[in-house]
Chemist: 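Next up is a structure, given as structure tokens.
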Amino acid sequence: MRKKTILITGAAGEVGQALVRKLHARNSHHLLTMDVRPLPPDLDGMSTHIVGDILDKSLFERLVSEFDFTHIFHLAALLSTRGELSPQAAHNVNVNGSLNMLQMAADQSEWKRERVVFIFPSSVAVYGMQSLENKAANPRPQEWEWNYPITMYGANKLYIETLGVYYSEHYKQLAEDEPTMLDFRCVRFPGLISAFTVPSGGTSDYGPEMIHAAAQGKPYASFVRPDTIIPFMAMPDAVKSLLLLAEAPAERLSRRVYNVTSFSITAQEMAERVQSHFPQAKITYRPHEKRQRIVDSWPVDMNDDAARRDWGWQPEYDADRTFDEYLVPNIRQRYA
Ligand code: SER
């Protein structure tokens with residue numbers, strides 16, 4: 001019999017590592033992880049890991065013959081700054097790779113006539129606020145408002161949200177076939193901050209970079225202006241939201257795409273918090289015009305009322321707890 005398995009793509013990334021740890025600690029399912037990179041050694045033994053590319057369809061053919069996926073956390077992606085440096089590569093991974101995953105999940109659910117829960121992290125980058133005045137006037141957009149992304153990454157995420165809904169609700173709608181039992185569910189994240197990993201290739205990275213630099217006694221020049229504001233979330237809350245959504249009873253869900261967020265903060269407020277814990281920190285501002293433009297296009301906050309109402313979403317870490325209880329003690333220990 002094929003093994004009931006949770007598949008995690010992009011497992012060596014920031015969210016992936018945190019999710020693997022959490023799922024391993026629960027010890028409820030066999031975990032199959034995939035990434036183009038090996039997992040870091042401290043995750044050894046927590047999963048069956050495959051170094052492979054989500055663009056490699058023959059790999060999936062092999063995997064579905066061996067494993068029965070009940071849940072797929074499809075995390076692999078190229079982030080927004082990386083995506084602007086190589087838009088075609090980003091499109092390949094973020095769209096073509098995601099399409100492979102959706103198709104594989106749809107085929108599996110159709111074939112075994114069982115639900116496959118497909119969890120997809122989307123992003124604040126699907127928004128495009130068009131001007132700073134507009135950003136100030138519409139600080140907390142709903143899921144369906146201001147969906148005008150200005151990055152390849154944001155456009156890719158928005159498209160896969162749409163495609164996920166299509167595969168779950170309208171796939172092959174004119175054919176005689178039974179509909180699939182793919183159950184696509186998506187959370188849109190704000191900028192994420194982890195105490196244990198540093199991001200690479202994102203545009204919200206000035207937040208985490210600032211604090212990781214301070215803890216190592218390194219000076220940091222922020223690539224955005226001090227007044228720049230976007231929403232952020234601590235990594236444990238990001239993982240919590242993925243798992244809450246994956247476990248929510250289907251009948252409670254009134255939509256397939258949900259905003260989740262925790263606290264909105266300016267770069268300067270972030271720097272002040274870092275400075276209060278690391279008084280030696282040297283934080284300056286050297287805005288990068290183009291990255292600034294990307295962050296300015298993201299909203300101040302996101303309306304996550306639907307997630308709160310439908311599946312009891314609530315962040316555990318506000319700005320105070322994120323810094324005082326999660327980031328600072330863990331980062332201090334990490335660089336001690
Ligand atoms: N953190 C991501 C980025 O900066 C946004 O989802 O690209």
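Excluded from the calculations below are hydrogen atoms, water molecules and symmetry mates; all remaining heavy atoms, backbone and side chain alike, are included. Counting starts at 1 for both ligands and their atoms, in listed order.
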Chemist: Near R113 CZ, under 6.0 Å, is it more than 12 heavy atoms from other residues, nucleotides or ligands?
Modeler: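 Yes, CZ of R113 has more than 12 neighbouring heavy atoms, counting only those of other groups under 6.0 Å.
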Chemist: If every non-hydrogen atom of D68 is compared with every non-hydrogen atom of Q108, which pair is closest and at what distance?
Modeler: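 In this case the closest contact between D68 and Q108 is CA-NE2, 4.0 Å.
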Chemist: What does the N/O contact table under 3.5 Å look like for ligand 1?
Modeler:
from	atom 1	to	atom 2	distance (Å)
ligand 1	1 (N)	S204	OG	2.9
ligand 1	4 (O)	S80	OG	3.4
ligand 1	4 (O)	T203	N	2.5
ligand 1	4 (O)	S204	N	3.0
ligand 1	4 (O)	S204	OG	3.4
ligand 1	6 (O)	S123	OG	2.6
ligand 1	6 (O)	Y153	OH	3.1
ligand 1	7 (O)	S80	N	3.0
ligand 1	7 (O)	S80	OG	2.5

Chemist: Just say parallel, tilted or perpendicular for the rings of F67 and H30, cut-offs at 30° and 60°.
Modeler: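 If you compare the ring of F67 with that of H30, the planes turn out parallel.
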Chemist: Can you find a side-chain donor-acceptor pair between Q103 and Y167 that sits under 3.5 Å?
Modeler: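 There is such a pair between these side chains.
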Chemist: Strictly below 4.0 Å, N to O, side chains only: are R293 and E84 in salt-bridge contact?
Modeler: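 Salt bridge between R293 and E84, a charged N being under 4.0 Å from a carboxylate O: no.
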Chemist: How are the rings of F120 and F118 set to each other: parallel, tilted or perpendicular (split at 30° and 60°)?
Modeler: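 Answer is tilted, since the angle falls between 30° and 60°.
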